Amino acid sequence: MAEDFLPYGRQSIDQEDIEAVTDVLRGDWLTTGPAVSRFEADLAEHTGGTPAVAVTSGTAALHVAYAAAGVGPGDEVVVTPMTFVATAATAVLQGATVVFADVDAATANLAPDAAKAATSSRTKVIAAVDYAGHPAELGELAEVARSADALLLEDAAHSIGGTWCGHAVGALADLTTFSFFPTKNLTTGEGGAVATGSEDLLARARGFRNHGLVRDRSAQRFPDEGGWHQEVHEFGLNYRLPDVLCALGSSQLRRLAAFKERRARIHARYNEGFADLAGVRTPIQHEQADPMWHLYPLRVLEGRRRALFDHLRAIGIGVQVNYIPVYWHPVFADLGYQRGMCPNAEQFYAEELSLPLFPELTDAQVDRVIDEVRGFFGANSSA
Ligand SMILES: *Cc1c(COP(=O)(O)O)cnc(C)c1O
């Protein structure tokens with residue numbers, strides 16, 4: 001990274017984070033020791049008490065969640081197209097058919113009526129994303145899922161620490177998944193978690209994370225095999241998050257509230273900076289939401305998104321576009337998914353530009369971004 005290049009997102013690591021990691025390195029456990037259960041307990045303090053299972057990435061969390069839900073061949077999974085490809089890809093890898101349902105034009109979150117229209121007797125899971133950190137319509141989506149006899153999965157890769165109708169993200173869906181990638185709201189380098197209030201789903205998630213190994217003798221088919229014995233009843237993978245990274249996660253969680261506050265301030269500063277600018281639209285916020293803002297999704301009108309993207313990148317401002325509609329990826333196009341099926345998502349994609357947003361971004365850097373965007377449109381600087 002060039003020194004004067006401003007990324008769109010980046011981690012914040014302090015001395016306590018470093019000490020938390022080095023303490024583990026000096027100890028007895030590198031993986032699957034006490035830091036894992038501590039991190040899971042710490043996570044539950046941010047999910048309204050919902051138990052969490054730590055895994056190796058947000059993608060692993062989605063895979064674990066679909067596996068726990070029993071998603072397999074013959075099942076359908078209703079997915080928002082306004083997300084990172086993993087939300088859909090992991091369902092396909094489980095053998096399911098993904099059905100994309102369009103988003104709300106304002107929030108870019110899965111629209112409950114579109115989700116309902118996409119359900120069938122085969123629907124096993126409805127997967128929504130809290131886009132940019134703004135929670136989806138979780139109450140209505142839970143109702144849609146219930147009436148379809150399906151589970152609601154909330155991909156909360158953007159939104160840990162947020163609330164909807166006063167309830168913590170993590171306590172609102174049957175299964176909630178998190179990502180701890182460096183650009184997200186807290187980081188373990190690579191990492192993720194699944195939260196669920198269902199004991200059955202929790203046990204299945206834990207099993208899938210660790211090869212499906214059964215060590216509890218009372219649950220084994222051959223309990224008298226010997227003291228070494230463990231057996232597999234269902235296939236799983238190794239998605240275990242090591243102690244080293246769990247210790248970093250626990251340390252980062254202590255600053256989650258501060259991260260949220262700083263992100264909200266930057267978000268508000270952008271909103272003010274663009275309030276009178278024709279040519280763009282600022283993100284909306286529902287009154288039920290107290291978002292953890294992961295992204296600042298500016299909407300660039302008049303077909304000028306690409307030109308603004310190129311301009312900002314050329315002057316060292318690391319903007320991003322989140323996201324290309326998932327079914328535009330060639331892997332889905334090759335399966336027969338056609339462009340045009342979710343017009344709101346496609347319109348949103350055409351206009352969206354994510355501006356730099358991370359806790360250590362300074363007010364001066366935010367103002368520089370605002371001034372450059374205003375300058376691009378020929379407006380005076382905000383100062
Ligand atoms: C980042 C992200 C993922 C994947 O998480 P990783 O930790 O990178 O595997 C999934 N869904 C959404 C919405 C994301 O933003």
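Counting convention: from 1, in listed order, for ligands and their atoms alike. Since the structure is predicted, the reported quantities are computational estimates derived from the model, not experimental observations.
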Fill in: Pair E272 + R269, salt bridge at N-O below 4.0 Å
no
Item to complete: Before accepting this row, confirm whether a basic side-chain N of the pair E190/K184 lies closer than 4.0 Å to the acidic partner's carboxylate O.
Response: no
Worksheet item: Is there any N or O on H158 that sits under 3.5 Å from an N or O of ligand 1?
Response: yes
Worksheet item: What are the two closest non-hydrogen atoms of H167 and L172, and how far apart are they?
Response: O-CD1, 3.5 Å
Worksheet item: Can you list the atoms of ligand 1 that are under 4.0 Å from a heavy atom of G58?
Response: 5 (O), 6 (P), 7 (O), 9 (O)
Worksheet item: Does Y131 have a non-hydrogen atom less than 4.0 Å from ligand 1?
Response: no
Item to complete: Output the list of atoms in ligand 1 that are nearer than 4.0 Å to some heavy atom of A157, sorted by atom number.
Response: 2 (C), 11 (N), 12 (C), 13 (C), 14 (C), 15 (O)
Discussion item. With heavy-atom distances below 4.0 Å as the criterion, list the atoms of ligand 1 near T59.
Written reply: 4 (C), 5 (O), 6 (P), 9 (O)
Fill in: T83 and ligand 1 - part of the residue with a heavy-atom distance under 4.0 Å
side chain
Fill in: Pair D363 + R265: basic N to acidic O under 4.0 Å
no
Practice prompt. Flag this pair as yes if the NZ/CZ of R262 is under 6.0 angstrom from the six-membered ring centre of F358 and inside a 45 degree cone about the axis; otherwise no.
Written response: no
Worksheet entry | K184 near ligand 1 by a heavy-atom separation under 4.0 Å | yes
Discussion item. Side chain, backbone, both or neither: which applies to T177 and ligand 1 if a contact is any heavy-atom pair less than 4.0 Å apart?
Written reply: neither
